[in-house]
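Lettering of chains follows the sequences in order, A, B, ..., and the numbering in each one begins at 1.
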There are 2 protein chains.
Amino acid sequence: MLRITRETDYGIILMSALAQADEASLSAALLARRCRLPVPMVGKTLKALAQAGLLISQRGAHGGYALARHPAEITVAEVVEALEGPIAITECSSAEPSGCVFLEHCQVNSHWNRINEIIRSTLGAISLKQMSQWPSSLRGADSPVTINPLSALLGEHSSVQPDPTRR
Amino acid sequence: MLRITRETDYGIILMSALAQADEASLSAALLARRCRLPVPMVGKTLKALAQAGLLISQRGAHGGYALARHPAEITVAEVVEALEGPIAITECSSAEPSGCVFLEHCQVNSHWNRINEIIRSTLGAISLKQMSQWPSSLRGADSPVTINPLSALLGEHSSVQPDPTRR
DNA sequence: TTAATCAGTACTAGTTTGGTGCTATATAAA
DNA sequence: TTTATATAGCACCAAACTAGTACTGATTAA
């Protein structure tokens, strides 16, 4: 648990595929084939990403989707927030009022806010360029974000590869 | 989004209440009253936490629940995992095989594993004792966990208190 | 024996997720 | 101008999950 939705998973995969594609723009159908993902969901996901301004769409023949910015300047946090809304680990971590009248004597709320901030900045410290490269090159310092808890761990953790299956 | 369930939220609040209670043991009904949470959900949540070994339950009159260990030695990660199962930000980050046959040429999977590890160790670096204290005392160094991305941010971020409502 | 209290299970309404289908609109090229 | 190719925008659906309720049984102190 504590999981991103499958659509967000798709979103990251698709954006990564665009980041490392030779072509400037790719159609939804081609992207689906290249990433081996179901076509309808790919269309839906790309639409949402375009609406959020992370992709630029071109209609009509020879149309398709292209990254709106350089992959080093798009963060994982942006993609997650485009597809799931603001990152909020609890109801009370979100920007909108949650309607809880007990906040004033809630001891754990501010701690969750801090935890939320760490998660947000962790995801904000990883660029699409990094996500689109194979693990060994993750150490490259092309992230645009300065606060970077990720860097504290990179290279110190033995990369855990738990199981040989996906989806 | 990217949210813990409300039951987990309750779980942390309840464990924190136990951590700072004068009594060694509290009944579900009393805890519910003290935390202003719905009684049935409190009972359900406490049962699950006891089953996971984080609480010790005592049946019968004058029974109730008590922390199984010292609050400084119980982490937020443990509570989350007790109520939601293993922390896995994607299907493929979990320990169980996900059945995805494309893992071998999935570029983003290993990156998610690293992100997952950061989130897990962030939650594993925060003790119940810390959660049960008011924000200013969070800086105290009583966490049993050595790898601590939290420490990189503590004291540097201005505490954001977004909205005055909860639940 | 009795009242208090946890254990276990089953159930339900509502929401979210994952996915499908259809129609409208835009565009390049024949 | 027509046609094939694409995206845009809905509306819809089944399955799963979440949050919460209800009830019965077991345990224990007084």
Side-chain angles (χ1 to χ4, degrees), chain A residues 1-11 13-14 18 23-33 36-66 68 80 83-85 88-91 94 98-100 167, chain B residues 1-11 13-14 18 23-33 36-66 68 80 83-85 88-91 94 98-100 167:
Chain A
M1 282 303 132
L2 202 85
R3 186 165 294 184
I4 57 167
T5 64
R6 192 178 289 196
E7 187 179 24
T8 304
D9 195 358
Y10 289 173
I13 292 171
L14 293 166
L18 277 166
E23 306 90 332
S25 153
L26 292 173
S27 75
L30 181 53
L31 266 172
R33 217 174 318 126
R36 299 159 210 250
L37 297 178
V39 179
M41 279 302 288
V42 166
K44 190 181 185 177
T45 307
L46 292 172
K47 268 178 231 175
L49 290 169
Q51 215 161 22
L54 295 178
L55 293 179
I56 290 167
S57 63
Q58 177 68 37
R59 287 189 177 188
H62 298 275
Y65 293 93
V80 172
L83 295 172
E84 312 200 357
I89 197 168
T90 63
E91 279 179 52
S94 61
S98 58
C100 172
R167 226 174 330 281
Chain B
M1 284 300 131
L2 201 82
R3 185 163 295 186
I4 57 167
T5 64
R6 191 177 288 195
E7 188 180 24
T8 304
D9 196 358
Y10 290 174
I13 293 171
L14 294 168
L18 277 167
E23 305 91 331
S25 153
L26 292 173
S27 75
L30 181 55
L31 266 172
R33 219 174 317 127
R36 298 157 209 254
L37 297 178
V39 180
M41 280 302 288
V42 166
K44 190 180 181 178
T45 307
L46 292 172
K47 268 178 233 174
L49 290 169
Q51 213 161 25
L54 294 178
L55 293 179
I56 291 168
S57 63
Q58 177 68 35
R59 288 188 177 187
H62 299 274
Y65 293 93
V80 172
L83 294 172
E84 312 200 357
I89 197 167
T90 63
E91 279 179 48
S94 60
S98 58
C100 172
R167 224 173 331 279

TODO: Looking at every strand, decide which applies to B:Ala29 at a 4.0 Å heavy-atom threshold: base, sugar-phosphate, or nothing.
DONE: nothing
Open item on the list: By the 4.0 Å heavy-atom rule, please label B:Gly43 as base, sugar-phosphate, or nothing.
Closed with: nothing
Open item on the list: Heavy-atom nearest nucleotide on DNA chain C for B:Ala28 versus A:Gly60: which residue maps closer to 5'?
Closed with: B:Ala28
- [ ] Find which nucleotide of DNA chain C each of A:Glu84 and B:Gly63 is nearest to by heavy atoms, and output the residue with the more 5' nucleotide.
- [x] B:Gly63
Once you round it to whole Å, what is the distance between [atom2] of [N] and [atom1] of [X]?
{"X": "A:Glu91", "N": "D:dA19", "atom1": "CD", "atom2": "C1'", "value": "10 Å"}
{"X": "B:His62", "N": "D:dA29", "atom1": "NE2", "atom2": "C1'", "value": "6 Å"}
{"X": "A:Arg6", "N": "D:dA14", "atom1": "CZ", "atom2": "P", "value": "19 Å"}
{"X": "A:Ile56", "N": "D:dA8", "atom1": "CD1", "atom2": "P", "value": "12 Å"}
{"X": "B:Met41", "N": "D:dC17", "atom1": "CE", "atom2": "P", "value": "16 Å"}
{"X": "A:Arg3", "N": "D:dT18", "atom1": "CZ", "atom2": "C1'", "value": "15 Å"}

So [Y] and [X], do their side chains get closer than 4.5 Å, heavy atoms only?
{"X": "A:Leu31", "Y": "A:Leu18", "value": "yes"}
{"X": "B:Leu83", "Y": "B:Thr5", "value": "no"}
{"X": "A:Leu2", "Y": "B:Ile89", "value": "no"}

Open item on the list: Please tell me if B:Tyr10 has a side-chain N or O lying less than 4.0 Å from either OP1 or OP2 of D:dT18.
Closed with: no
- [ ] For D:dT5, take OP1 and OP2 only and decide whether either is under 4.0 Å from a side-chain N or O of A:Gln58.
- [x] no
Task: First-last contacting nucleotides on DNA chain C - partner chain B, under 4.0 angstrom, heavy atom - done: C:dA4 to C:dT17
Show the nearest heavy-atom pair for residues [X] and [Y], with the distance to one decimal.
{"X": "A:Thr45", "Y": "A:Met41", "value": "OG1-O, 2.6 Å"}
{"X": "B:Ala28", "Y": "B:Val42", "value": "O-CG1, 3.6 Å"}
{"X": "A:Tyr65", "Y": "A:Gly43", "value": "OH-O, 4.5 Å"}

Open item on the list: By nearest atom, which of the nucleotides D:dA8, D:dA19, D:dT7 is closest to the B:Lys44 side chain?
Closed with: D:dA19
Task: Short N-O contact, A:Glu7 and A:Lys44, less than 4.0 angstrom - done: no
